[in-house]
Every structure is written in structure tokens, then in C-alpha cells.
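Here's the structure, in C-alpha cells; my notes come after.
First listed ligand is number 1; within each ligand, the first listed atom is number 1.
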Amino acid sequence: RHSFSHKGIPFPAEIYDPETIDFVGNHFQVLDDDTFTVTYPKSGTNWMMEILSLIWQQGDPSWCRSVPIWDRSPWLESPNALEKLKSAKPPRRISSHLPIQLFPKSFWGSKAKVIYTVRNPKDLLVSLYHFSKLMSFLEEPESLEELLGAFLQGEVLYGSWFDHVKGWLGLRGRENFFCISYEELQEDLRGSVGRICRFLGKDLSDAALASVVQNASFQAMRDNPMANFSLMPDNILDKSKGSFLRKGVVGDWKNHFTVAQSERFGRAYRERMQDLAGTFPWDE
Ligand code: A3P
């Protein structure tokens, strides 16, 4: 499998190209009414996309059930989606995994909103490990140990998780930036949806909120062909090897990490994150 590196960040060459990444950073025109959902891969991107789709429709699930998730919130750095985005009618809903230094420069002078979702990196790593077995454009790691080493070195798609999170969290306190964790969504989906609505300036009725919560549940998404990735061709996602909506829980790392791996990860985490103020739900 091929990958290329753009300003030090590795990308799988099967689905991305350097020209598009460069165009997005330097020339993509962000509009004030754009809303971006940004994540490091496997942090709950598609969950947030589904939640936002439902919020925009006042809880009505018909759009979510009729249009594939990737067309509802096109992928900024994907060459095909970018073409569609250029002609999309505002207000635009856009998804991205880009680290902040590769994000469009025009974002900085805009009022566009960013929702950034973070997840316990240990669970994220387990999710990535299984995901790598399904996706044709990712190298299948020999073991979790091997992937853990690559992850701590930032030698995985989209580069270092630590840099990604620290880069984006530098925007905390700005009016147009909202950060939420996968763990908060799990802990209190209804309350989280309420907070997201307030950030977006959306006022949903109790019935609409309840519908968002119901239709964005793990089971509802698994049952929705427009959200469960069953429409993804087999040569990209090998469905015989597992499911994109794999387990959808907090703490699965405990079933995968050895004590030594957990300690190794913890040491690297403390070292890399010590300069970041604040705590996450997974911090001890
Ligand atoms: P697991 O592999 O741990 O199950 P992304 O969309 O960023 O690729 O993240 C995928 C992860 O989010 C997967 O984690 C997937 O199961 C989980 N996920 C997706 N939808 C979810 C939902 N409605 N509730 C809980 N987890 C969800």
C-alpha cells in the first residue's frame, strides 16, 4: 500500500492526493456559515455526522435514511467530495480529519464553526486496529503492539494524535469552536445534543431532541444502510472481515492492551500531554 507525506503528515495514496491537500490548505474558500466536524480518525466522526444531520433536520430521520452519510457531510480533503463542495449550496456541512496546520487558511478570518470530537486514544487505537483489517487502503498491522509503536511515533494516517488534539484544542475559548468527547456522548447523549444545539444556535423541541437521540444510537446507525457503510464497495471495505460500526463502547482497550502496553502508552501520554491544560473524561 502506498502513502505519501504532506508537510510531515502521512496520507494513504489510494484515496488522497497531495494536490488536493495542498489546494484545501491554501485555496479552499471557507464561508462564514460553514459548519465543520473535525476529528482524528476513529474518534466518533460518523456518530457526530449522524447527530448533526438529525439536528439540522429538527430530528426528522428521513434525510439520514435516504442519503449516504458521506454525501450529507462531504469530506473536505477527498478529491471527489471537494469537487462537489465547490458547487454546494450554503450553508455547507463539511467533515475533515485534517490537523489544524493543514486546515484551510481562509478559516482563520471566518466565522465558520468547528465541532471537534475527541476520544480516549487507547480506545481509538483499538478501533483503528480493527478498522485497518477492513479497509483496503490501510496496511494491516501484524499486532496491536506494532500499531501502538507506530501510533506513538505518529506514523499512522493523519500523523500524531497528540499533535492533532493539541493543535485543535488551541482554539478552545473561541466562539466558533466547540469540543466534545466520545465519552461525553456515551455518558449523556441527550445532554450532549442539547449542548451541540446551543453551540449551533438551534432550538429543538423535546420531541425533536428525543428523535435525534433515538436515531443516532449505535443500534439505529447499525440498522441504517445510509450510515452503516454497507454501501461502501467490497474492494474498499471488506465486510467479510467485520463491521464499520464495530462495538461502539467506552473502555474496550481493557480487552486488548496488556499491562505493559498500557503502561507504555500512559508514559508517552503523560509526557506528550503535560503541556495541555484541562483534563479529559479518561484521565485518571
Ligand atoms: P469502535 O471501533 O470502537 O466500535 P469514526 O467514525 O471516527 O471512524 O469512529 C468509528 C468508531 O465510532 C467505531 O468505534 C464505531 O463503532 C463508533 N461509533 C459510530 N457510531 C456510533 C454510535 N452511534 N454510538 C457509539 N459508537 C459509535
Under a 4.0 Å threshold between the charged nitrogen and the carboxylate oxygen, would Asp123 count as salt-bridged to Lys42? no

List, ordered by chain and residue number, the protein residues whose closest non-hydrogen atom lies under 4.0 Å from any atom of ligand 1. Lys42, Ser43, Gly44, Thr45, Asn46, Trp47, Arg119, Ser127, Tyr182, Gln186, Ala216, Ser217, Phe218, Met221, Phe244, Leu245, Arg246, Lys247, Gly248

Between Glu175 and Lys111, is there a salt bridge with N-O shorter than 4.0 Å? no

Please identify which of these residues, Phe151, Tyr40, Trp168, Phe11, meets the ring-ring contact (aromatic ring centres under 6.0 Å, His included) condition with Tyr158. Phe11

Arg190 with Asp206: basic N within carboxylate O range, under 4.0 Å: yes

So do Met226 and Asp71 actually touch side chain to side chain, heavy atoms under 4.5 Å? no

If you compare all heavy atoms of His164 against all heavy atoms of Val38, which two are closest, and at what distance to 0.1 Å? CE1-CG1, 4.4 Å

